[in-house]
Protein chains: 2
Amino acid sequence: MKTNTLSRKQEIYRIAAKLFKEKGYSAVTMRDLAAAVGIKAASLYNHISSKQQILSETIIDIAEQFTEGIEMITIQDSDTITKLKAVISQHITLTANNPYGMAALNNDWMHLEGKLDYYLALRSKYEKKFEKIVQDGKMSGELKDVNTEILLYSILTTLRNLYLWIPKKADLKKDELIEGLSVTLLQGVVK
Amino acid sequence: MKTNTLSRKQEIYRIAAKLFKEKGYSAVTMRDLAAAVGIKAASLYNHISSKQQILSETIIDIAEQFTEGIEMITIQDSDTITKLKAVISQHITLTANNPYGMAALNNDWMHLEGKLDYYLALRSKYEKKFEKIVQDGKMSGELKDVNTEILLYSILTTLRNLYLWIPKKADLKKDELIEGLSVTLLQGVVK
DNA sequence: CTACAAAACTAACAATTGTTAGTTTATTTT
DNA sequence: AAAATAAACTAACAATTGTTAGTTTTGTAG
């Protein structure tokens with residue numbers, strides 16, 4: 001049955017991503033994964049085709065969402081602060097949806113085999129769009145004239161590592177988180 | 001000869017840390033490491049005692065420096081902004097000294113075996129000292145009343161991931177970097 | 001030049017890796 | 001109930017892992 005197969009496959013993916021987060025792709029064996037799922041290693045192959053496929057689908061799926069999302073944001077006609085808040089919001093949403101997958105994307109992308117080049121292209125595209133938002137904001141005077149690289153690095157790093165933190169803070173409402181991060185990242189913390 | 005042995009050992013450590021950064025501890029084999037050093041895998045054992053020892057010494061050495069450093073900063077009698085700048089400065093300095101080691105500390109600490117508990121204790125100590133600086137700054141009114149966890153997470157994440165970025169920016173003078181990061185992290189980017 | 005120690009080598013080990021083949025058990029469809 | 005499909009199992013594979021043993025080469029001190 002199709003739905004059952006799918007949900008079992010997705011369960012394996014979910015558990016795999018969790019293990020990848022804890023120990024990294026290379027340190028997770030198919031026997032580890034099988035044990036966590038509750039079956040034998042060979043049985044995994046009734047549902048998935050390879051270890052690499054698990055990593056690849058997990059990462060590429062998320063990376064595509066990010067790239068599509070920022071394209072939507074860049075074409076919308078709004079000011080820089082609104083766009084930056086939308087970027088922050090997207091990171092929070094996607095990370096909350098799949099924190100373990102985000103961990104794999106952050107830490108294990110270099111173990112992609114067939115899809116490595118594609119992933120790097122997606123990432124590069126994303127970073128360019130993000131940089132354009134910042135550049136426009138500086139040109140229009142909405143942002144301070146701080147070093148662009150430092151600013152990009154600082155914000156992107158914080159957002160990319162939200163997966164480390166969001167799962168522990170289920171209590172923080174999403175809106176509070178967006179607001180708090182926006183203030184901290186954009187307006188600073190010094191009174 | 002002692003100096004020669006030491007420098008060879010340190011060379012192996014340096015190369016190992018670089019490989020760990022690129023692929024992670026688990027994905028680096030002793031044969032990979034040996035090839036990068038220019039010898040055979042078995043020959044490594046004339047200089048080091050195990051793969052685990054390489055990871056352990058690399059990480060613990062850096063973690064101790066961070067913990068000692070922040071203790072010095074917390075006992076000094078200065079205002080919050082000065083202390084936070086000192087923390088930022090320390091991160092930049094230690095990261096510039098050993099960016100690959102910082103990568104191992106960030107990404108491979110969970111593969112520590114004997115020294116895992118000790119590492120976690122050091123990290124916890126560090127985070128508590130950092131938090132106290134921020135709490136004091138909020139109490140004294142030097143910092144805005146933003147969510148402490150968000151603030152801590154945001155700044156610490158940025159600083160901990162400097163290793164991804166500092167090696168590419170050898171041109172940026174250290175002072176510029178400290179200043180740029182301090183402005184971005186503490187005062188924000190919105191005009 | 002000899003002797004000794006450091007550092008390289010080859011060969012091999014036991015364990016573990018991802019994966020396949022073939023078979024049996026469960027579950028669903030007819 | 002029979003037939004078909006899905007999903008589990010056992011057993012095994014070839015390759016790779018960290019590490020050890022034993023040997024040879026290299027370099028230095030007396």
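Lettering of chains follows the sequences in order, A, B, ..., and the numbering in each one begins at 1.
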Quick note, K40(A) side chain, CB onward, closest among dG18(C), dT17(D), dC9(D) is dC9(D)
dG18(D) C1' sits how many Å from H111(B) NE2, rounded?
15 Å
Distance, rounded to the nearest Å, where I48(B) contributes CD1 and dA6(C) contributes C1':
16 Å
Starting at NZ of K51(A) and ending at P of dT16(C), how long is that distance when rounded to a whole Å?
15 Å
For the backbone of S78(A) and the side chain of T82(A), can you confirm whether one donor and one acceptor N or O come within less than 3.5 Å of each other?
no
Ignoring the backbone of Y45(A), work out which of dA7(C), dT19(C), dT19(D) is nearest its side chain.
dT19(C)
Any base atoms under 4.0 Å from S43(B), or only sugar-phosphate, or nothing? Heavy atoms, all strands.
base
Counting distance only, does the side-chain N/O of D61(A) pair as donor-acceptor with the main-chain N or O of E57(A) below 3.5 Å?
no
Could you tell me how far apart L44(B) (CG) and dT19(D) (P) are, to the nearest whole angstrom?
10 Å
Ignoring hydrogens and geometry, is there a side-chain-to-backbone donor-acceptor pair from S182(A) to I178(A) under 3.5 Å?
yes
Between dA6(D) atom P and I12(A) atom CD1, what is the distance in whole Å?
15 Å
Between C1' of dG18(D) and CE of M30(B), the distance in whole Å
7 Å
Quick one: on DNA chain C, does S49(A) or A42(B) contact a more 5' nucleotide (nearest heavy atom)?
A42(B)
Between R8(B) and dA8(C), is there a contact of a side-chain N or O with OP1 or OP2 at under 4.0 Å?
yes
Should the pair K128(A)-E131(A) be classified as a salt bridge under the 4.0 Å nitrogen-to-oxygen rule?
no
Check every atom of dG18(C), dT19(D), dG18(D) against the side chain of T29(B) and return the nucleotide holding the closest atom.
dG18(D)
Does the dA8(C) base have a donor-acceptor partner in the side chain of N46(B) within less than 3.5 Å?
yes
Distance in angstrom units between E113(B) CD and dT19(D) P, rounded:
9 Å
Roughly how many Å is it from CZ in R31(A) to P in dT20(C), rounded to a whole number?
13 Å
When you measure from the side-chain N and O atoms of H47(B) to the phosphate of dA8(C), is any distance below 4.0 Å, counting only OP1 and OP2?
yes
Look at all strands and tell whether V37(A) reaches a base, only sugar-phosphate, or nothing, counting heavy atoms closer than 4.0 Å.
nothing
Check: H47(A) side chain, I12(A) main-chain N or O, donor-acceptor pair, under 3.5 Å:
no
